**Student:** 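What follows is a structure written as structure tokens; I'll ask about it next.
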Amino acid sequence: QVQVVESGGGLVQSGGSLRLSCEASGVIFSNTDMGWFRQAPGNERELVAVISSDGSTMYRSSVEGRFTISRVNANNTVTLQMNSLNPEDTGVYYCNEDTCLAKGCDWGQGTQVTVSS
């Protein structure tokens, strides 16, 4: 079970950008596939982007081309660069192992992202 601390959320107007950071521990990070997830008010938690141990990435279609996930294994860090934000991106963003929606995991506190119209 990975332990994470998410940061970088905030309030931004539509069209703006935010950069989220995730500091991880408790696993062999370089061998762990990681993901960013989000949960909007009243909605289920959903996968946003994943990055595998070899650096390959995958995005949900609604954010592809706007968001970029990256990792620096030496720092046990995963980053989500979010550009061209819209109100539908509003929610609490979480970092975790990429398989967590399927298998169930413990979740951290996340970081709030609010996009105004």
Side-chain angles (χ1 to χ4, degrees):
Q1 174 63 55
V2 68
Q3 306 295 319
V4 298
V5 178
E6 301 102 337
S7 62
L11 175 64
V12 64
Q13 67 179 13
S14 182
S17 298
L18 286 172
R19 185 177 179 88
L20 308 183
S21 293
C22 169
E23 299 179 357
S25 62
V27 298
I28 303 175
F29 183 78
S30 61
N31 292 335
T32 303
D33 300 340
M34 299 294 295
W36 281 97
F37 307 78
R38 69 187 180 190
Q39 187 168 25
N43 291 355
E44 296 292 318
R45 184 182 287 109
E46 64 183 18
L47 180 66
V48 177
V50 297
I51 183 165
S52 67
S53 59
D54 67 5
S56 62
T57 59
M58 177 178 288
Y59 302 88
R60 73 180 302 107
S61 60
S62 62
V63 309
E64 190 168 7
R66 300 188 296 119
F67 291 11
T68 302
I69 187 171
S70 60
R71 67 193 295 161
V72 179
N73 287 341
N75 296 333
N76 286 7
T77 300
V78 183
T79 298
L80 186 67
Q81 177 67 46
M82 306 186 296
N83 299 325
S84 301
L85 286 163
N86 59 64
E88 289 69 44
D89 297 316
T90 292
V92 180
Y93 282 68
Y94 302 89
C95 179
N96 219 324
E97 299 175 54
D98 73 325
T99 57
C100 282
L101 287 183
K103 72 178 184 181
C105 297
D106 294 331
W107 299 88
Q109 293 184 349
T111 185
Q112 176 71 46
V113 172
T114 303
V115 185
S116 62
S117 60

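Because the structure is predicted, anything quoted here is derived from the model rather than measured.
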**Student:** Under a 4.5 Å cut-off applied to non-hydrogen side-chain atoms, are V50 and E97 in contact?
**Tutor:** no
**Student:** For the hydrophobic clusters of this structure (ILVMFWY residues joined by side-chain heavy atoms under 4.5 Å, transitively), does one cluster hold both L47 and I69?
**Tutor:** no
**Student:** So do M82 and V12 actually touch side chain to side chain, heavy atoms under 4.5 Å?
**Tutor:** no
**Student:** To the nearest 0.5 Å, what is the distance between OG1 (T68) and CZ (R66)?
**Tutor:** 11.0 Å
**Student:** Hey, can you pull the donor-acceptor pairs under 3.5 Å for the side chains in residues 21-36, sequence neighbours left out?
**Tutor:**
unit_1: T32; atom_1: OG1; unit_2: I28; atom_2: O; d: 2.9
unit_1: D33; atom_1: OD1; unit_2: S53; atom_2: N; d: 2.7

**Student:** Taking S52's backbone N and O only, do any of them form a donor-acceptor pair with R71's side chain (distance below 3.5 Å, no angle check)?
**Tutor:** yes
**Student:** Any side-chain heavy atom of L20 sitting closer than 4.5 Å to one from E6?
**Tutor:** no
**Student:** Nearest 0.5 Å, what's the CD-CG distance between Q3 and N96?
**Tutor:** 9.0 Å
**Student:** More than 12 non-hydrogen atoms from neighbouring residues, nucleotides or ligands closer than 6.0 Å to CD on Q1, yes or no?
**Tutor:** yes
**Student:** For S14 versus P87, what's the shortest heavy-atom pair and its separation?
**Tutor:** OG-CD, 4.1 Å
**Student:** Between F67 and L85, does the side chain to side chain contact (heavy atoms under 4.5 Å, CB included) criterion hold? Intermediate values first, please.
**Tutor:** CA-CA 9 Å; F67 291 11; L85 286 163; 3.8 Å; yes
**Student:** Identify whether V78 and W107 are in the same connected component of the hydrophobic contact network (ILVMFWY, side-chain heavy atoms under 4.5 Å).
**Tutor:** no
**Student:** Just to verify, what does Y93 make a ring-ring contact (aromatic ring centres under 6.0 Å, His included) with, not counting sequence neighbours?
**Tutor:** none
**Student:** Specify the closest pair of heavy atoms between A40 and T90, including all atoms of both residues, with the distance to one decimal.
**Tutor:** CB-O, 3.6 Å
**Student:** Using distance alone, with no hydrogens and no angle criterion, decide if N83 and S17 have a side-chain donor and acceptor under 3.5 Å apart.
**Tutor:** yes
**Student:** Shortest non-hydrogen contact from A49 to L80?
**Tutor:** CB-CD1, 4.3 Å
**Student:** Restricting to non-hydrogen atoms, name the atom on V4 and the atom on V2 that form the minimum distance, rounded to 0.1 Å.
**Tutor:** CG1-CG2, 3.9 Å
**Student:** Would you check if R38 and D89 make a side-chain contact, meaning some heavy-atom pair closer than 4.5 Å?
**Tutor:** yes
**Student:** Please give me the minimum heavy-atom distance between V48 and F37, naming the atom from each residue.
**Tutor:** CG2-C, 3.9 Å
**Student:** Indicate the atoms forming the closest heavy-atom contact of V113 with L18, along with that distance.
**Tutor:** CG1-CD1, 3.8 Å
**Student:** Within a 6.0 Å radius of atom CD on Q81, are there more than 12 heavy atoms belonging to other residues, nucleotides or ligands?
**Tutor:** yes
